[in-house]
Amino acid sequence: MDLEAYQREIGGISRYQIVIICLASTLMLFSSLTSQAAVFLSAVPDHRCSVPPIDDPNSYNFTESEILNLTIPYNPIEQTYDECQRYAYNLSTCTGGNDVACITSPMEVGVMTCDKGYHYDTSVYKATTISDFNLVCDRVYLDTLANTLFFAGIFIGSAIVGPLSDWFGRKVAVIVFCLGLVSTGVGCAFAPTYEIFVVTRVLTAIFGIPCFIIQFTYVTEISGIEWRTQAGLLVNMGSALSHAILPGVAYALRDWRGIQLFVGASPAIFLLFVYFIPESPRWLLTNKKYNQAKAVIGRFAKSKGKVLSDETWDRIVEMEEKHIESRKSEEKAAKKLGIWDLFRFPAMRVICVDVLFIWFTISMVFYGLTLNGGSLAGDPYLNTTLNGLVEVGAYLVLYFSGTFGRKPMLSGSFILGGLSCISSMLCDYFSNGDNNLLNASTALAIIGKFFASLGFALVYQVTSELFPTEARTTAVSMGSMSARVGSMLSPLTLQLQKSVPWATQTIFGTLSVLAGFTTLFFPETNKAEYLRSLPDAEQFYWDNIFCLKWWSKGKKSSNEEHTNCAYVDEEKSENVTRL
């Protein structure tokens with residue numbers, strides 16, 4: 001009897017486990033705020049050149065409209081005032097009062113860049129990193145750099161979390177990373193310069209993503225097979241709800257330092273519960289900490305009104321030790337496999353290239369649409385709230401992937417999301433100030449975020465099902481690395497829309513549609529068994545991908561040649577649909 005069999009014997013998941021899963025998921029509710037905070041931290045307020053003393057109410061009593069008309073060049077085509085230039089008046093000759101001789105006709109002077117700093121509108125945002133550090137005009141690239149480096153921090157955090165969590169345990173690792181997230185997050189709120197802000201933001205990314213990964217692993221380990229999907233969904237729901245809550249906090253505070261202080265300090269709430277959260281019993285069993293594991297599993301049983309007897313425990317330990325030895329043999333074999341081994345077989349080679357492309361695309365589009373939420377037409381707080389709520393809806397729809405199949409749902413999420421982005425761009429491009437078209441553009445962008453959220457959840461699941469046990473972790477790691485490249489490029493893609501307004505959504509939409517059509521090449525993996533080896537996977541592809549079946553029809557010997565590599569196995573010829 002192993003641990004899974006014992007949990008089924010005592011009646012499945014216990015109330016104690018449910019409470020622990022809920023407590024653990026609180027970290028997701030707060031740590032996920034970090035990845036979305038940039039929407040408000042680096043929001044770009046309306047701005048113009050500062051023109052003292054013209055815009056000093058103590059010197060002149062001009063309205064904002066009058067200041068713009070008198071001192072700022074106007075673009076009649078775009079119907080906007082220039083944000084980075086002013087008329088080249090000699091402002092030092094302006095003395096205030098009724099003396100306006102210093103402001104002559106615009107036709108008599110040229111234009112110049114802002115030499116007196118910038119004036120920022122504070123009606124929507126009291127202060128952002130953009131206004132505090134003047135990240136506009138010739139310094140606008142610095143904001144893009146900050147967001148790109150943040151995603152580089154996520155890449156680093158993703159790389160280090162696995163070994164540390166496996167070496168020291170889930171609980172110890174998550175406490176360390178949570179403390180790091182709180183300290184760097186709070187420190188970021190008091191950053192006096194742009195450089196310190198960037199460094200602390202990158203550190204919050206390095207500490208933040210491990211909190212999600214560890215807790216996702218923890219709740220799935222503690223819940224048992226039958227409740228694993230629901231537990232994982234609860235974690236994702238916590239993350240999605242945090243994205244919906246953040247705009248309300250930002251609306252109340254409206255100052256980037258206050259927002260960052262809330263974002264940085266809130267994960268500390270989890271530390272209040274950590275004493276009541278036990279170590280993962282699976283990790284304890286794997287590391288032969290049997291006394292501690294017995295105490296945790298005993299609480300599971302007690303919560304179900306059962307008693308864990310010594311005899312039952314001995315059987316559990318005996319079976320787990322057999323599993324450990326079996327896993328060690330598999331891991332020893334798996335260590336011989338690297339990413340390049342996944343490209344040795346022709347059909348798997350195509351699958352791998354496709355996996356790299358869809359991970360890259362979904363990450364770029366998901367984070368791009370998230371960061372762009374504050375730039376859409378309409379109220380930025382409402383738009384960002386809706387962006388978070390659609391994530392909740394996407395995770396609920398994910399349940400139906402077992403009914404409709406993985407492939408059609410994954411392909412549909414990419415194609416429909418891409419078409420939403422392209423339609424959003426067209427509405428915005430042809431709006432010419434029409435509020436109806438601008439509102440339609442915003443709605444379509446939010447719909448695109450819904451499908452991007454659904455696609456992001458599905459790529460994890462589909463990738464793990466497409467590859468065999470001996471290469472599954474390697475394949476997911478390969479996809480994750482490609483995703484990080486996409487996320488790092490998303491701020492650069494958003495920057496492009498400032499010079500070419502239609503480019504960003506067109507790129508997102510085109511890549512998504514292409515990715516959707518390429519996923520049609522995948523075999524259906526719903527309700528299929530797990531593949532065990534690379535030759536098994538290669539045979540599975542040839543047996544279940546339509547175009548490959550057509551190509552190999554009547555060429556059985558050629559098909560066998562494809563799978564007759566270094567991992568030849570007599571079982572490879574079994575024509576069984578298994579994963």
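If you read the sequence from its start, that first residue is 1, and numbering goes on from there.
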[X] versus [Y]: any side-chain heavy-atom pair under 4.5 Å?
X	Y	value
Ser50	Tyr118	no
Leu454	Glu391	no
Thr128	Val44	no
Phe30	Ile269	yes
Leu29	Ile245	yes
Phe151	Pro491	yes
Leu33	Ser266	yes
Leu458	Met409	yes

Check the surroundings of atom OH in Tyr429: do more than 12 heavy atoms from other residues, nucleotides or ligands lie under 6.0 Å from it?
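Count not over threshold, so no.
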
Taking atom CG as the centre, does Asn61 end up with more than 12 heavy-atom neighbours from other residues, nucleotides or ligands that are less than 6.0 angstrom away?
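No, the 6.0 Å shell around CG holds no more than 12 heavy atoms from other groups.
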
What closest approach, in Å, do [X] and [Y] show between heavy atoms, and which atom pair accounts for it?
X	Y	answer
Ser420	Leu444	CB-O, 3.4 Å
Met112	Ala88	SD-CA, 3.6 Å
Ala457	Tyr395	CB-CE2, 3.9 Å
Leu91	Pro53	O-CD, 3.8 Å
Ser35	Ser32	OG-O, 3.1 Å
Ile422	Thr510	CD1-N, 4.1 Å

As an exercise, state the distance from [atom1] of [X] to [atom2] of [Y], rounded to the nearest 0.5 Å.
X	Y	atom1	atom2	result
Leu514	Thr519	CG	OG1	11.0 Å
Ser512	Leu416	OG	CG	10.5 Å
Ile213	Ile209	CD1	CD1	4.5 Å
Leu386	Ile446	CG	CD1	4.5 Å
Phe207	Leu181	CZ	CG	8.5 Å
Leu426	Cys421	CG	SG	11.5 Å

Should the pair Asp121-Arg48 be classified as a salt bridge under the 4.0 Å nitrogen-to-oxygen rule?
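Looking at Asp121 and Arg48, the cut-off is not met.
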
Exactly one of Asn75, Thr71, Asn69 should register a side-chain hydrogen bond (donor to acceptor under 3.5 Å, both in side chains) with Tyr81. Which one does?
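It is Asn69; the other options fail the test.
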
Among Asp132, Asp46, Asn134, find the one that has a side-chain hydrogen bond (donor to acceptor under 3.5 Å, both in side chains) with Tyr120.
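Running side-chain hydrogen bond (donor to acceptor under 3.5 Å, both in side chains) over Asp132, Asp46, Asn134 with Tyr120 returns exactly one hit, Asn134.
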
Is the backbone N or O of [Y] less than 3.5 Å from a side-chain atom of [X], with the two atoms forming a donor-acceptor pair by type?
X	Y	value
Ser482	Met478	no
Thr204	Arg201	yes
Arg257	Ala191	yes
Ser363	Phe360	no
Tyr141	Gln495	no
Ser411	Pro408	no
Arg139	Phe133	yes
Tyr60	Ile67	no
Ser242	Ser239	yes
Thr361	Ile358	no

Any chance the SGs on Cys102 and Cys94 are under 2.5 Å from each other?
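Yes, Cys102 links to Cys94 through a disulfide.
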
Are Cys84 and Cys137 within a span of less than 2.5 Å, counting SG to SG?
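Between Cys84 and Cys137 there is a disulfide, given that their SG atoms are under 2.5 Å apart.
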
[Y] versus [X], side-chain donor and acceptor atoms under 3.5 Å:
X	Y	answer
Trp359	Thr463	yes
Lys449	Thr370	yes
Ser424	Ser441	yes

Would you confirm whether the ring centroid of Phe451 sits within less than 6.0 angstrom of the ring centroid of Phe414?
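When the ring centroids of Phe414 and Phe451 are compared, they turn out to be at least 6.0 Å apart.
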
How about Phe430 and Trp502: are their ring centres within less than 6.0 Å of each other?
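Here the rings of Trp502 and Phe430 have centres that are no less than 6.0 Å from each other.
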
Does the cation-pi check pass for Arg349 over Phe343, that is, NZ or CZ under 6.0 Å from the six-membered ring centre and within 45° of its axis?
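That pair does not qualify as a cation-pi contact.
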
Would Arg254 count as a cation-pi partner of Tyr251, with NZ or CZ less than 6.0 Å from the six-membered ring centre and within 45° of the ring normal?
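Yes, a cation-pi geometry holds between Arg254 and Tyr251.
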
Using the rule given for side-chain contact (heavy atoms from CB on, under 4.5 Å), can you reason through Met364 versus Thr493, listing the C-alpha separation, both sets of side-chain angles and the distance that settles it, and then say yes or no?
CA-CA 9 Å; Met364 172 186 279; Thr493 309; 3.9 Å; yes

Would you please test Val249 and Phe40 for side-chain contact (heavy atoms from CB on, under 4.5 Å) and show each step?
CA-CA 10 Å; Val249 175; Phe40 299 105; over 6 Å; no

Please walk me through it: do His47 and Ile130 pass side-chain contact (heavy atoms from CB on, under 4.5 Å)?
CA-CA 10 Å; His47 57 279; Ile130 304 299; 5.9 Å; no

Let me see the working for Asp255 and Tyr125 under side-chain contact (heavy atoms from CB on, under 4.5 Å), right down to the final yes or no.
CA-CA 7 Å; Asp255 183 288; Tyr125 310 102; over 6 Å; no

